2 protein chains.
Amino acid sequence: MNSFTSENYLKAIYKLVEHGNDAVSTNAIAQKMSTKAASVTDMLKKLADKKLINYQKYQGVSLTPKGEKAALTVIRKHRLWEMFLMEKLDFKWDEVHDVAEQLEHIDSEKLISQIDKFLNYPKFDPHGDPIPDMNGKIQQQKSKAISKYKKNDIVKITGVVDHSASFLQYLDKSGLALGNEIKIKDVVEFDRSLHIVINKRSTLFISNDVAKNILAITK
Amino acid sequence: MNSFTSENYLKAIYKLVEHGNDAVSTNAIAQKMSTKAASVTDMLKKLADKKLINYQKYQGVSLTPKGEKAALTVIRKHRLWEMFLMEKLDFKWDEVHDVAEQLEHIDSEKLISQIDKFLNYPKFDPHGDPIPDMNGKIQQQKSKAISKYKKNDIVKITGVVDHSASFLQYLDKSGLALGNEIKIKDVVEFDRSLHIVINKRSTLFISNDVAKNILAITK
DNA sequence: TAATTAATTTAGATTAGTCTAAAAATATTT
DNA sequence: AAATATTTTTAGACTAATCTAAATTAATTA
């Protein structure tokens, strides 16, 4: 079994690789983990010893198949727990992350498969992120940031990029939620801000910064 | 916040105090924790520094009010999680303990109060043990081991003393469960073994060893 | 390409929790 | 009450994870 700490490193590396980067730098990991580069180097050696990552001094790291499987298992657990907290225990979407960070390390195959069943095998979590299945398979959405759509496009919100509580609270307050239908009523040339219509009812102005953090697909 | 390890020590001390002993010995704790006396001494010093236990060298330990509160919080979480696993996720009563040992350390007040609500505020867990409320208050049952009842007594099973998987599996296989009505049909003088009737239907012979581990109240 | 800057690794310490072996205190026996 | 046995504590060491400061390697710039 991997320690909580190892699991967190693997998850961080997975997410850094996922978002572009081919080989991940020590500094990038240190930043994501809120720790120091020296600590990361120490841990990388241990993970390499366990064949969880490919690591050569100064050359950055990537996950081995074994490491990726481990990372995906943690991510699966995290996202299922988030779903459980929202669906069954009335947590709000900005409240689930911290608790799921703890629950994701609970070691019980039966527990997670039963939670999965209890939730009726969801494919996406409350933030629109895909939930890997038992084998680590992910069902990808072909959504993109609403900042990339153009005037008069009608789209459905499928997820967010920024998962911070403050961003999620802002969306709540603005009446934006997963599954909402959005029409791009106008795009301001100058700053790329948007005027949108939510569910054919209310209208809202959002900055380009916000638009870049909301994911959607064409209906 | 107390560490997982500290929480486990506090829980162990609570249980040893609960079952008789006034001041708990280092060795007793070591045995319960499956560790060495030297390790226990080290930890006792730390717990005493944090005012969680009363500790004087060579004199044994007891919990301070603060330590007892902490222990009861862990026990509350453990028992609520056991209940959740059985009621909602179809775990059997011999499967819940190990997972609950992990879940009891998750740190989130909202999580545990929501689980409590979700289960409709149960007062006893799947083994018949009382679940402390938010303030650490426990609703005691006045039950005793069925080995202490006499011929023709009719009682209801309310709990077990031994919580091991093997004992619980034996009870399952014998058709004994919490809430069952039991009639003491006969007591064998020689070895104090019992002949009982379960729910007015089947009969069963049980040894005194087993009888001492089944708790019940008169109907 | 040499010099400078930035990133990474090493060296050496620290903390929490654990251990073994030895010393000290307490309990039990005779 | 002295001798013996048991329990508990101390001393010193180990591991995992972390840190700071110094050294090394790689990348950038002049």
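None of the values given here were measured: they were computed from a predicted structure. In the text below, chain A, chain B and the rest are named by the order of the sequence lines, each starting its count at 1.
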So that I can tick it off, tell me whether A:Lys77 and A:Glu82 are bridged by a salt bridge, with the cut-off set at under 4.0 angstrom between side-chain N and carboxylate O.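 Here A:Glu82 does not pair with A:Lys77 in a salt bridge, since their nearest N and O are not under 4.0 Å apart.
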
Using a strict threshold of under 4.0 Å (side-chain N to carboxylate O), is an ion pair present between B:Glu104 and B:Lys11?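 Yes.
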
Any cation-pi pair here, [X] with [Y], using under 6.0 Å and within 45°?
X: A:Lys144; Y: A:Tyr149; answer: yes
X: A:Lys45; Y: A:Tyr55; answer: no
X: B:Lys110; Y: A:Phe91; answer: yes

Using 30° and 60° as the class boundaries, would you call the ring planes of B:His97 and B:His78 parallel, tilted or perpendicular?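 The arrangement is tilted - the two ring planes meet at 30° to 60°.
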
Tell me: [atom1] of [X] to [atom2] of [N], nearest whole Å?
X: A:Phe4; N: C:dG17; atom1: CZ; atom2: P; value: 14 Å
X: B:Met1; N: C:dA16; atom1: CE; atom2: P; value: 16 Å
X: B:Leu44; N: D:dT10; atom1: CG; atom2: P; value: 11 Å
X: B:Asp49; N: C:dG17; atom1: CG; atom2: P; value: 12 Å
X: A:Met33; N: D:dT18; atom1: CE; atom2: P; value: 7 Å
X: B:Lys50; N: C:dT15; atom1: NZ; atom2: C1'; value: 12 Å
X: A:Gln56; N: D:dT25; atom1: CD; atom2: C1'; value: 15 Å
X: A:Leu47; N: D:dA17; atom1: CG; atom2: C1'; value: 12 Å

Please determine if a side-chain N or O atom of [X] lies less than 4.0 Å away from the OP1 or OP2 oxygen of [N].
X: B:Thr35; N: C:dG17; value: no
X: B:Asn27; N: D:dT8; value: yes
X: A:Tyr55; N: C:dT9; value: yes
X: A:Lys46; N: D:dA17; value: yes
X: B:Lys57; N: C:dA24; value: no

From C-beta outward on [X], which listed nucleotide comes closest to its side chain: [options]?
X: A:Ala38; options: C:dT10, C:dA21, D:dA17; value: C:dT10
X: B:Lys45; options: C:dT8, D:dT10, D:dA21; value: D:dT10
X: B:Ser3; options: C:dG17, D:dT9, C:dT8; value: C:dG17
X: A:Lys36; options: D:dT20, C:dT8, D:dT9; value: D:dT20
X: B:Tyr58; options: C:dA24, C:dT20, C:dG17; value: C:dA24

Return whichever of B:Ala37 or A:Asp42 has its heavy-atom-nearest nucleotide of DNA chain D closer to the 5' end.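 With B:Ala37 and A:Asp42 compared, the 5'-side residue is B:Ala37.
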
Taking any heavy-atom pair under 4.0 Å as a contact, classify [X]: base, sugar-phosphate, or nothing.
X: A:Thr41; value: base
X: A:Tyr9; value: sugar-phosphate
X: B:Ser39; value: base

